[in-house]
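Everything below concerns the one structure shown next.
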There are 2 protein chains.
Amino acid sequence: MAARGAPQAVYVRIANALRGQIESGQLEPGQQLPTEHALGAEYEVARATVRQALTLLKNEGLIIPARPRGYFVRKIRRSIYRPQAEFRPRPHFAEMDQWMEEQAEDGREPSQTINVEIVNPPHEIANRLGLKPDEMTVVRRRIRYLDGEPFNANDSYFPLSLVSTSEIMVPHDIQRGANEVLAELGARQVRAIDEIEVRMPTPTEATQLDLGPGTPVAVIRSTGYTADDRPVRAVVTVLPGTKHVIVFERDRLDPDD
Amino acid sequence: MAARGAPQAVYVRIANALRGQIESGQLEPGQQLPTEHALGAEYEVARATVRQALTLLKNEGLIIPARPRGYFVRKIRRSIYRPQAEFRPRPHFAEMDQWMEEQAEDGREPSQTINVEIVNPPHEIANRLGLKPDEMTVVRRRIRYLDGEPFNANDSYFPLSLVSTSEIMVPHDIQRGANEVLAELGARQVRAIDEIEVRMPTPTEATQLDLGPGTPVAVIRSTGYTADDRPVRAVVTVLPGTKHVIVFERDRLDPDD
DNA sequence: TAGTGGTCTAGACCACGTG
DNA sequence: ACGTGGTCTAGACCACTAG
């Protein structure tokens, strides 16, 4: 009965069966799975074995336990995140349009919390900003919410010496954008580099962003430079994988490949 | 004893203790953890409880079980992946240089497998290429290895009508690059859009790329366009999160934010 | 208050690679 | 051959929240 060369564990076969039902749409997003007890009866195994199967699917991000109601097929919905937004106001690629519409169509309620601190930056930041040891930074920590649910987190670091007297110190939204403030300080950011790391969240991040099991994150570390190559801003953005698609556009400038 | 408001489960506290030792460096990457039996004795709990703790850390990507030797602290090493490489030959940002060197420093042995098929493309591809139903595509499926270990997977789709007589059909490496072949066919790709999705791997991907538990992937869907906005190439790249950092550079073109 | 998943125990046997 | 983690059982009690 077992597939040749793969005498699967019972719990793996149960997981496969359920995964198949999810992928085939037989179990739809948002729909409830049978209870652990019911699955145990159906497959004639102990509850612990059913549990192993469900744990597997949980960690694949396919199902979510909602105690004490039961397990549900995860509903995933991703919004477009464009790091280039500040530099390139208007994208234009055919199949993106529908996405943009989709996103705009429903009036989701955005909100955010901002707090500003003066801190000795972590190494990863100090390196990117080219700071001397003990040189302080201002961090603007922002958490964005959509309909009350955490959406992403965003920490912007600036050299304290650069922004100490500016609006960046104020824990409110900066309407014209932080970049405009930098420009007024003679440090307009004209180029940036983004480094994207993909990993499982730390427990801190999981709590802060209310991440269920099987939810990886993308961490984007952006470093902004002035025209004379001086780093003036380092941003660490944490995006839950289930809620975002990161989009970049590439234009070839030199015809040389 | 339990923190106020957070009467943690035993296995969570064990996991926290071990995580702390890993983060503090008390347990170094590559080092072996105590056995399940030993941990059970140390914390005076059943093996199943220790197991829950270890499962947690496994799914956070912190430890790897290497049966029957024991659990080991995961060693992570990421290489730079630059989607823009074909368009921008030379990056130049201070703190990147060390990384590039790091990557080059050790003679890791790259290899790859390529196979070419003619297939009816999945919807996600047909949409991006703007194909009619039943219009066929050529896929070049490539898996890259480093020192024999799977490194990433890369499927390039081309409209069959465009490339049917070209070198793209040949299952070998194309030295001058697929883009040059497209150019010769009058379909030079001059612009592209990248969509990055972050999620847990499917079982198929996990097997193909030999992914351990707690290893998320980045899926990059790139669509390449000609100067007259015709999509000519769609690429799906799957990058194990533990082995890659995706790097983009942004240049502001319009001075308008 | 009933029923769900969450946690935990105390055992058992197995598969597998290292020595 | 040994010891590891992998799997599975058959119970038990608890915490939470929908009804």
Side-chain angles (χ1 to χ4, degrees), chain A residues 1-18 27 30-59 62-74 203 206-207 210 212-214, chain B residues 1-18 27 30-74 203 206-207 210 212-214:
Chain A
M1 202 55 46
R4 286 196 310 95
Q8 304 264 37
V10 174
Y11 82 91
V12 173
R13 294 205 283 99
I14 298 175
N16 287 345
L18 292 172
L27 279 169
Q31 191 175 340
Q32 181 170 5
L33 274 69
T35 65
E36 293 182 350
H37 184 75
L39 288 169
E42 182 180 345
Y43 292 97
E44 299 179 308
V45 294
R47 182 160 75 107
T49 302
V50 171
R51 217 135 204 296
Q52 261 185 296
L54 294 172
T55 298
L56 206 58
L57 298 178
K58 237 171 38 181
N59 288 324
L62 293 180
I63 63 175
I64 289 286
R67 203 180 46 160
R69 286 176 296 141
Y71 289 90
F72 293 81
V73 179
R74 192 167 195 165
T207 302
D210 191 26
Chain B
M1 204 52 48
R4 286 197 311 97
Q8 303 266 35
V10 175
Y11 82 90
V12 173
R13 294 204 284 98
I14 297 175
N16 287 345
L18 292 171
L27 280 169
Q31 191 175 338
Q32 181 170 5
L33 274 69
T35 65
E36 293 182 350
H37 184 76
L39 289 170
E42 182 180 346
Y43 291 98
E44 299 179 309
V45 294
R47 182 160 75 108
T49 303
V50 170
R51 216 133 204 299
Q52 260 186 298
L54 294 172
T55 297
L56 206 59
L57 298 179
K58 236 170 38 180
N59 289 324
E60 288 176 16
L62 292 179
I63 64 176
I64 289 286
R67 201 179 48 159
R69 286 175 296 141
Y71 289 90
F72 293 82
V73 179
R74 190 166 197 165
T207 302
D210 191 27

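Order of the sequence lines sets the chain letters (A, B, ...), proteins ahead of strands, with each chain counted from 1. Because the structure is a prediction, the values reported are computed rather than measured.
Residues that satisfy the side-chain contact (heavy atoms from CB on, under 4.5 Å) test with V73(A), not counting sequence neighbours, are I22(A), L27(A), L33(A). Partners of E36(B) under the side-chain hydrogen bond (donor to acceptor under 3.5 Å, both in side chains) rule, at least two apart in sequence or in another chain, are R47(B), R51(B), Y71(B). The side-chain contact (heavy atoms from CB on, under 4.5 Å) check on A48(A) picks up nothing, with sequence neighbours excluded. For the side-chain contact (heavy atoms from CB on, under 4.5 Å) test, residues two or more places apart in sequence or in another chain that qualify with F72(B) are Q32(B), A66(B), R69(B). For P203(B), the side-chain contact (heavy atoms from CB on, under 4.5 Å) partners at least two apart in sequence or on another chain are R19(A), E60(A).
As rounded to whole Å, 16 Å separates atom C1' of dT4(D) from atom CD1 of I64(B). Across the protein-nucleic acid pair, L54(A) atom CG and dG6(C) atom P stand 9 Å apart, rounded to whole Å. Rounded to an integer number of Å, the gap from CZ of R51(A) to P of dC8(C) is 11 Å. Atom-to-atom, NE2 of H37(B) to P of dG6(D) comes out at 16 Å; the value is rounded to the nearest Å. Atom NZ in K58(B) sits about 13 Å away from atom C1' in dT4(D), given to the nearest Å. Taking atom OH of Y11(A) as the reference point, atom P of dC8(D) lies 7 Å away to the nearest angstrom. In this structure, OH of Y43(B) is placed 17 Å from C1' of dC8(C), rounded to the nearest angstrom. As rounded to whole Å, 10 Å separates atom P of dT9(C) from atom CD of E44(B).
Rounding to the nearest 0.5 angstrom, the gap separating the CG atom in L39(A) from the OG1 atom in T49(A) is 11.5 Å. If you take CD1 on I64(B) and CG on L57(B), they are separated by 11.5 Å, rounding to the nearest 0.5 Å.
Taking the side chain of Q52(B) as heavy atoms from C-beta on, and the options dT9(C), dT7(C), dG5(D), the nearest nucleotide is dT7(C). Looking at the side chain of Y71(A), the nearest of the listed nucleotides dT9(C), dG5(C), dC8(D) is dG5(C). Each of dT9(D), dG5(C), dT7(C) was ranked by its minimum atom distance to the side chain of A9(B); first place goes to dT7(C).
Nearest-nucleotide assignment on DNA chain D puts the 5′-proximal partner with G70(B), out of V50(A) and G70(B).
R74(A) and P213(A) make their closest contact through NH1-O, 3.3 Å (heavy atoms, listed as atom of the first residue, atom of the second, distance).
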| field | Bracket string, DNA chain D, 5' to 3' - pairs by Watson-Crick or G-U geometry under 3.5 Å, | interstrand | value | ||||||||||||||||||.
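Annotation: side chain of L18(B) is not in contact with side chain of L62(B) (no heavy-atom distance under 4.5 Å).
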| request: Summarise protein proximity over nucleotides 10-19 of chain C in one line of letters, 5' to 3': B for base, S for sugar-phosphate only, - for none, counting protein heavy atoms closer than 4.0 Å. | output: --B--BBBS-
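The side chain of T35(A) contributes no N or O atom lying less than 4.0 Å from OP1 or OP2 of dG3(C).
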